[in-house]
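Small disclaimer: the values here were computed from a predicted structure and weren't measured. Naming: A, B, ... by sequence-line order, numbering from 1 per chain.
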Amino acid sequence: MVDKWLPVWDRLRLFEARDDDSRERRYIVDMFPYPSGDLHMGHAEAYSIGDAVARFALMRGYDVLHPIGWDSFGLPAENAALKREMDPREWTYANIDTQAESFKRLGISFDWRTRLHTSDPEYYRWTQWIFLRLFERGLAYRKAAPVNWCPNDQTVLANEQVIAGKCERCGSDVTKKNLTQWFFRITAYADRLLDDMAQLEGCWPERVLTMQRNWIGRSAGAYVDFRIEGHETPVRVFTTRPDTLFGATFFVVAADSPLAAELCSDDKRDAFNAYVEQVQRMSEVDRLTEGRHKTGVDLGRHAINPVNGERIPVYAADYVLADYGTGAIMAVPAHDQRDLDFARVFALPVRMVVDTGEPDPNETGIATHGDGVLVNSGPYDGMRKDEAIAAIAADLQGDAHGEPATTYRLRDWLLSRQRYWGCPIPIVHCGACGEVAVPDDQLPVELPVRGYELRPEGGRSPLESATEWVTVTCPSCGGPATRDTDTMDTFVDSSWYFLRFPSASDHSQPFDAQLLRRWAPVDEYVGGVTHAILHLLYARFFVKALHDMDYLDFTEPFTRLTNQGMVIMNGSSMSKSRGNLVKLQDELASYGPDAVRLTMLFAGPPEEDIDWADVSPTGAVKWLARVWRLASDIGRAGVGSDPATGDPELRRSVHKLVHDATAQTDHKRFNVAIARLMELTSLLRKAIDAGATDAAAGASAVREGGEALARMLSIFAPFAAEEAWELLGNEPSVVSAGWPTTEPSLLVEDSVTCIVQVAGKLRDKFEVPVGITEDELRERALASEAVRRTLGDRPVRTVIVRAPRLVNVVPG
RNA sequence: GGGGUCGUAGCCCAACGGCAGAGGCACGUGUCUUAGGAGCACGCCAGUGUGGGUUCGACUCCCACCGACCCCA
């Protein structure tokens with residue numbers, strides 16, 4: 001069946017978007033796959049959903065762009081290449097071909113002209129071009145930053161190569177090492193990334209918006225400058241609680257920050273160095289865990305609290321992060337749990353300055369956070385928390401000891417990777433000129449094909465080992481220079497791919513602004529929740545930055561977002577090690593693409609996880625067989641007849657089901673829509689078995705229903721739908737037939753069932769004309785035998801009438 | 001600790017604040033059949049996690065608790 005229909009679809013060019021079409025357009029994008037092997041069950045679910053959305057839009061008469069590409073740079077290709085001693089290209093492009101073939105055999109309605117791979121020089125040329133535009137704007141810059149370092153292998157490790165603090169390959173403890181790294185200044189867009197979410201409200205899943213908000217983590221508060229005894233410049237800290245300033249009893253700087261080393265007094269130097277070494281072995285997650293035993297070291301210095309002149313000791317500790325805020329905090333143990341935990345370990349004073357009515361933290365060991373009245377705070381005593389926050393922040397500013405401020409949890413995006421299989425950073429380092437951009441007309445900076453080592457000694461970037469490639473002349477002064485040897489995070493590649501789809505083969509520009517005016521932004525973006533934070537945030541950042549450079553006329557890339565759930569097996573996610581892996585190709589071999597797609601969609605709403613053990617591809621197979629038999633039994637009956645001549649009773653039922661299925665599909669309730677299609681199947685089966693096709697009116701109505709079924713089925717099970725369409729005596733393709741329409745006159749009923757409740761409980765029901773008046777209905781309800789029996793001698797207090805469907809008699 | 005999502009038959013899931021059941025799986029009975037693991041027909045099964053509240057009326061709205069998953073700390 002697959003082999004029969006694929007060539008037909010190709011020949012009819014059903015799924016090609018028309019850039020100059022007068023129809024309204026729809027841009028529907030499934031998050032592009034990573035070519036890790038063949039497609040798996042998760043892909044089948046995601047793309048079944050996306051395809052239903054795309055095909056529905058197409059059937060409804062939109063000009064649809066439904067593209068496909070591959071996110072084809074990344075570490076797994078390098079690992080596979082190392083293991084098999086091959087070029088990462090071979091592994092990558094072989095997998096892409098396999099996946100492309102699988103997509104076709106699944107019947108996904110991609111416009112294959114959009115096909116792109118982020119690892120093609122034709123693509124990454126433009127990734128580099130965008131990088132340079134960001135570089136020109138100061139949105140890409142270099143600074144020293146800590147990376148994971150394996151001292152044994154002498155190599156940099158990605159976060160995912162660090163398993164529980166150990167090197168995944170040799171098992172030794174991973175430490176942090178400072179390296180100069182490339183960053184994107186995404187923090188410059190923190191406010192807009194946050195504020196523009198207002199327009200996504202209701203269109204993106206609530207939880208994704210929440211996750212993004214949390215990730216950006218805007219908090220309002222104040223900067224406070226503390227003078228440090230024996231140190232020239234004051235140290236600035238950020239606090240969300242300036243109202244607790246009088247409760248600051250000590251001061252903490254991040255142990256691994258340069259500031260800590262700077263502040264450390266000479267007699268504490270040894271203890272400090274030992275502590276820092278210990279800290280560098282820990283992961284950030286561990287460091288931030290609340291409730292962990294607090295550690296730190298006294299730096300032998302004092303800070304001066306600007307509001308009361310108090311001398312407070314300065315500590316270095318690991319629960320403060322060097323790159324969050326200013327890397328230093330004022331510690332208020334009474335009102336911050338981690339400060340309190342630390343104070344208790346080091347026997348530091350705890351002073352309550354906001355009376356929240358909760359028990360004293362000194363005794364309970366529980367810091368208080370609530371609202372209350374200030375105490376022990378000099379002139380601010382008696383103020384409420386909010387009042388005090390404003391007053392103290394303002395006074396600090398007045399005295400030049402600080403200012404109101406906003407900070408973010410979001411940090412700049414570290415994009416450089418010491419890897420081979422990624423997009424080279426188009427920068428040349430020149431002794432005389434510094435960082436020099438590779439001129440646009442020399443792009444792409446292509447990866448060297450030979451003369452490099454994937455894992456060079458000494459933890460250098462693989463590209464550094466390609467000495468011939470590295471050595472260049474400076475584009476600016478012509479002197480000797482070297483190429484930047486890092487490659488970009490693959491999230492860079494995927495932050496703009498949806499801009500290139502409409503002009504995927506255009507070699508003159510990254511994207512076509514003219515075409516994007518027609519297609520962008522993406523109407524429907526379908527993908528896993530795993531990308532809910534980083535990918536979506538990065539893509540939003542790119543679009544905003546490109547908008548600010550006047551390349552784009554929109555500021556949000558994805559108008560609507562659907563996160564499909566995962567396909568799990570027996571309650572947990574599939575994995576080889578759990579032994580619960582279900583192979584897509586096995587399922588396809590057993591049940592066929594249509595049944596697998598149907599099973600995915602019928603299992604529940606798209607957002608929910610699907611436990612493959614709970615669902616039944618066999619059920620889908622059986623239903624498809626019923627549809628096939630139905631179409632076959634209808635055959636040419638009623639062919640060419642005017643639907644209007646069809647049996648009105650049957651038509652009424654058919655149109656009602658079509659109407660419902662349409663509404664449900666529109667809301668992506670595919671499971672419910674498919675249930676309606678199943679009902680339609682049963683309805684038509686019964687009609688045929690009752691001899692409907694013997695009369696012209698019946699045959700006409702059955703044909704109308706059968707054709708509607710085939711058309712609607714085509715968005716879920718496209719091959720079976722074509723087959724049914726053909727059995728019904730029609731020319732291919734069912735896709736060209738479009739979505740069935742309904743006649744409003746057939747949807748209005750002339751009588752409905754009225755339910756009669758007594759005290760909210762169902763007691764009687766009867767058929768009434770739709771136009772019945774409230775008075776009439778009340779009469780009939782009160783006259784009901786069942787109602788009178790239930791009421792007994794109780795008087796009637798009120799009668800709620802909702803004509804024509806309901807009457808509720810409320811006894812006194 | 002804060003936030004989000006969600007708890008409906010043995011299972012997966014439906015139900016504008018108005019008849020708790022649309023659809024499917026599993027199970028059972030019958031029927032067709034040389035046969036059935038196919039088809040068809042019929043049947044079986046819950047009062048919606050718990051406790052309050054709002055309402056004429058609550059699976060649906062509000063509060064608390066229990067449990068599951070996710071995010072942030």
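No contact: A:Lys761 has no heavy atom under 4.0 Å from any strand. Residue contacts for A:Trp623: at a heavy-atom cut-off of 4.0 Å it reaches no nucleic acid atom on any strand shown. Using a 4.0 Å heavy-atom distance criterion, A:Pro605 is classed as a sugar-phosphate-only contact. Contact annotation for A:Asp614: backbone-only contact, meaning every heavy-atom pair under 4.0 Å involves sugar-phosphate atoms and none involves a base. Across all strands, A:Arg676 comes closer than 4.0 Å to base atoms (heavy-atom distances).
Distance alone, capped at 3.5 Å, is enough to place a donor-acceptor pair between the A:Thr681 side chain and the A:Leu677 backbone. Checked by atom type and distance alone, the side chain of A:Asn563 pairs as donor or acceptor with a backbone atom of A:Gly527 at under 3.5 Å. No donor-acceptor distance shorter than 3.5 angstrom exists from the side chain of A:Asn671 to the backbone of A:Ala603, with no hydrogens or angles considered. Between the side chain of A:Asp764 and the backbone N or O of A:Ala786, no donor-acceptor pair lies under 3.5 Å. For A:Asp609 (side chain) and A:Met566 (main-chain N/O), a donor-acceptor pair under 3.5 Å exists by modelled atom type.
The A:Asn808 side chain lies nearest to B:rG18 when the options are B:rG18, B:rA38, B:rG24. Listed nucleotides B:rC25, B:rG4, B:rA73 differ in distance to A:Thr210; the shortest reach to its side chain belongs to B:rG4. Comparing B:rC72, B:rG23, B:rC40 against the side chain of A:Arg629 picks out B:rC40 as the nearest. For A:Gln757, the listed nucleotide lying nearest its side chain is B:rC19; candidates were B:rC19, B:rC25, B:rG23. Among the nucleotides B:rA38, B:rC72, B:rG23, the one closest to any side-chain atom of A:Lys622 is B:rA38. Comparing atom distances between the A:Glu608 side chain and each of B:rC13, B:rC25, B:rC40 picks out B:rC13 as nearest. Comparing B:rC25, B:rG4, B:rC71 against the side chain of A:Arg207 picks out B:rG4 as the nearest.
With both ends at atom P, the span from B:rU60 to B:rC6 equals 13 Å, rounded to whole Å. Taking atom P in both B:rA14 and B:rU55, one finds a spacing of 31 Å when rounded to whole Å. B:rG2 and B:rC11 have their C1' atoms separated by 35 Å, with the value rounded to a whole Å. Using P as the reference atom, B:rU48 and B:rC61 are 16 Å apart when rounded to the nearest Å. Taking atom P in both B:rC25 and B:rA38, the straight-line distance is 11 Å, to the nearest Å. Taking the C1' atoms as reference points, B:rG36 lies 39 Å from B:rG47, given to the whole Å. Atom name P, nucleotides B:rA9 and B:rC63: the rounded distance is 25 Å, in whole Å. With P as the reference atom, B:rC56 and B:rC13 are 35 Å apart, rounded to whole Å.
B:rG4 adopts an anti glycosidic conformation, its chi angle falling more than 90° from 0.
The nearest whole Å value for the distance from the CD atom in A:Gln212 to the C1' atom in B:rC72 is 13 Å. Between A:Met678 atom CE and B:rC12 atom P there is a gap of 17 Å when expressed in whole angstrom units. Atom CG of A:Leu677 is separated from atom P of B:rA14 by 17 Å (rounded to the nearest Å). Between the CG atom of A:Leu762 and the P atom of B:rA15 there is a distance of 21 Å, rounded to whole Å. The interatomic distance linking A:Asn671 (CG) with B:rG23 (P) rounds to 14 Å, in whole Å. Distance A:Leu657 CG to B:rA14 P: 18 Å, rounded to the nearest Å. The CZ atom of A:Arg338 sits 15 Å away from the P atom of B:rC72 (whole-angstrom rounding). At whole-Å resolution of the value, CD in A:Glu607 and P in B:rC71 are 18 Å apart.
Where A:Gly619 and A:Gly604 each meet RNA chain B at their nearest nucleotide, the meeting point lying more 5' is that of A:Gly604. Residues A:Glu206 and A:Arg626 each lie close to RNA chain B; by heavy-atom proximity, the contact nearer the 5' end of the strand is made by A:Glu206.
Across all strands shown, B:rC40 forms a Watson-Crick or G-U wobble pair, both distances under 3.5 Å, with B:rG30. Look at B:rA73: it lacks any Watson-Crick or wobble partner with both distances under 3.5 angstrom. Under the Watson-Crick or G-U wobble criterion, with both distances below 3.5 Å, B:rG17 has no partner in any strand shown. Under the Watson-Crick or G-U wobble criterion, with both distances below 3.5 Å, B:rA58 is left unpaired in every strand shown. Across all strands shown, B:rA64 is found opposite B:rU50 as a Watson-Crick or G-U wobble partner, with both distances under 3.5 Å.
Geometrically, A:Arg711 does not engage A:Trp739 in a cation-pi contact defined by less than 6.0 Å to the ring centre and at most 45° from the axis.
Counted by atom type alone, A:Glu587 and A:Trp612 present one or more donor-acceptor pairs between their side chains at under 3.5 Å.
Ion pairing of A:Lys656 with A:Asp660 is present here, as a side-chain N (NZ or NE/NH1/NH2) and a carboxylate O approach within less than 4.0 Å. With respect to the salt-bridge test (charged N to carboxylate O, under 4.0 angstrom), the residues A:Lys668 and A:Glu524 qualify.
Of the residues in residues 791-805 of chain A, A:Ile800, A:Arg802 come within less than 4.0 Å of RNA chain B through at least one heavy atom, sorted by number.
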Side chain to side chain contact (heavy atoms under 4.5 Å, CB included) assessment of A:Asp689 paired with A:Lys686: CA-CA 5 Å; A:Asp689 292 349; A:Lys686 285 195 175 87; 5.8 Å; no
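On a pure distance criterion of 3.5 Å, no polar donor-acceptor pair joins the side chain of A:Glu679 and the base of B:rG23. You won't find any donor-acceptor pair under 3.5 Å spanning the side chain of A:Asn214 and the base of B:rC72, going by distance alone.
Aromatic ring orientation, A:His535 versus A:Phe491: parallel (interplanar angle below 30°, classes split at 30° and 60°).
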